[in-house]
> 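So that we are looking at the same thing, I have put the structure below in structure tokens.
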Amino acid sequence: MIIAIDGPAASGKGTLGRKLATHYRFHHLDTGLLYRGVAARLLADGAPLDDREAAHRAACDLDIADLDATRLRTAELGEGASIIAAYPAVRLALLELQRDFARRAPGAVLDGRDIGSVVCPHADCKLFVTASAEERARRRAREFAAMGAGPSYEAVLADIQRRDARDGTRSNAPLVMASDAVLLDTTKLDIEAALQAAIDIVDGSANLAQG
Ligand code: CDP
């Protein structure tokens with residue numbers, strides 16, 4: 001069973017993905033970490049983010065087991081990830097790795113931007129998780145503050161709006177809601193309410209599949 005979760009930056013899809021995976025005892029892959037991992041490799045090697053060859057090599061060499069979420073969830077790497085994620089060769093290099101993960105038994109939850117549209121178009125259940133840009137910026141600013149001194153709310157909002165625009169307009173695998181995805185707007189939902197809504201959607205689609 002494959003659950004695909006897509007949505008814009010800081011929509012809560014990562015937290016939902018993790019909690020859904022725990023609920024169903026499935027594997028979970030936050031695919032944003034793959035793109036963050038590629039950006040981190042370039043920065044560590046002193047390569048500029050517009051070096052497409054170096055980005056492609058970093059994507060080919062990436063090992064899921066090496067991805068350290070705590071180290072990768074910085075604002076700088078979010079921005080860097082969004083830049084290198086627009087390169088078709090990088091996306092292609094990461095595709096099979098994601099599809100292999102999706103085949104893990106007894107099931108997998110993958111979250112990202114193009115899971116329901118490109119990586120797993122035949123997923124059993126597709127969720128498109130969103131929230132207003134202001135609410136997403138508030139949540140992300142709170143996360144950064146909890147990690148130590150973070151960027152201001154205004155800076156986070158500007159970053160989110162820039163990334164929304166870049167992710168939504170790139171020609172290769174832009175952020176789109178798959179036609180068979182269910183929209184979950186979490187603007188007014190806390191995480192427990194969002195989780196319950198997501199479980200209801202997944203259980204509903206599993207019932208549909210059975211009968
Ligand atoms: O957590 P947040 O939503 O801020 O970002 P993320 O999910 O870690 O993704 C960082 C960047 O990677 C995004 O802005 C996208 O440009 C890119 N990405 C992508 O293109 N495709 C995915 N499946 C996941 C992330």
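Ligands are counted one by one from 1 in listed order, and the atoms in each one are counted from 1 as well.
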> Hey, are the side chains of I3 and I115 touching, using non-hydrogen atoms and a 4.5 Å cut-off?
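Sidechains of I115 and I3: no contact.
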> Minimum distance, heavy atoms only, to atom 8 (O) of ligand 1: which one of E79, E143, R162, R36 is it?
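Heavy atom nearest to atom 8 (O) of ligand 1 belongs to R36.
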> Looking only at heavy atoms, is any part of K13 under 4.0 Å from ligand 1, and if so is it the side chain, the backbone, or both, or is it neither?
side chain
> Return a yes/no value for R163: is any of its N or O atoms, backbone included, closer than 3.5 angstrom to an N or O of ligand 1?
yes
> Test your reading of the structure: does R91 have an N or O sitting under 3.5 Å from an N or O of ligand 1?
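The answer is yes, given that R91 and ligand 1 share an N or O pair closer than 3.5 Å.
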> Just which atoms of ligand 1 are under 4.0 Å from any heavy atom in A85?
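It comes down to these atoms of ligand 1: 16 (O), 17 (C), 20 (O).
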> Any N or O on I115 sitting closer than 3.5 Å to an N or O of ligand 1?
no
> Output the list of atoms in ligand 1 that are nearer than 4.0 Å to some heavy atom of A81, sorted by atom number.
10 (C), 11 (C), 12 (O)
> To the nearest 0.5 Å, tell me how far K19 NZ sits from Q196 CD.
12.0 Å
> Has the side chain of S132 got a donor or acceptor atom that lies under 3.5 Å from a matching backbone atom of T187?
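No; judged by distance alone, with no hydrogens or angles, the pair does not exist.
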> Using heavy atoms and a threshold below 4.0 Å, how should the contact between S82 and ligand 1 be classified: side chain, backbone, both, or neither?
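Under 4.0 Å from ligand 1, S82 contributes backbone and side-chain atoms.
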> Nearest protein heavy-atom contact for atom 16 (O) of ligand 1: which residue, which atom, what distance?
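Result: D167 OD1, 2.7 Å.
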> Could you tell me, atom by atom, which parts of ligand 1 come under 4.0 Å of a heavy atom of T31?
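With T31 as reference, the close atoms of ligand 1 come out as 22 (C), 23 (N), 24 (C).
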> Shortest non-hydrogen contact from V38 to A59?
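Minimum heavy-atom separation between V38 and A59: CG2-CA, 3.8 Å.
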> Side chain or backbone of R113 under 4.0 Å from ligand 1, or both, or neither, by non-hydrogen atoms?
both
> Tell me the contacting part of A173 for ligand 1: side chain, backbone, both, or neither, using a 4.0 Å heavy-atom threshold, strictly below.
neither
> Applying a heavy-atom cut-off of 4.0 Å, say which part of R166 lies close to ligand 1: side chain, backbone, both or neither.
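Looking at R166 and ligand 1, no heavy atom falls under 4.0 Å.
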> Would you mind telling me if ligand 1 is within reach of the side chain of R170, the backbone, both or neither, using heavy atoms under 4.0 Å?
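Answer for R170: side chain.
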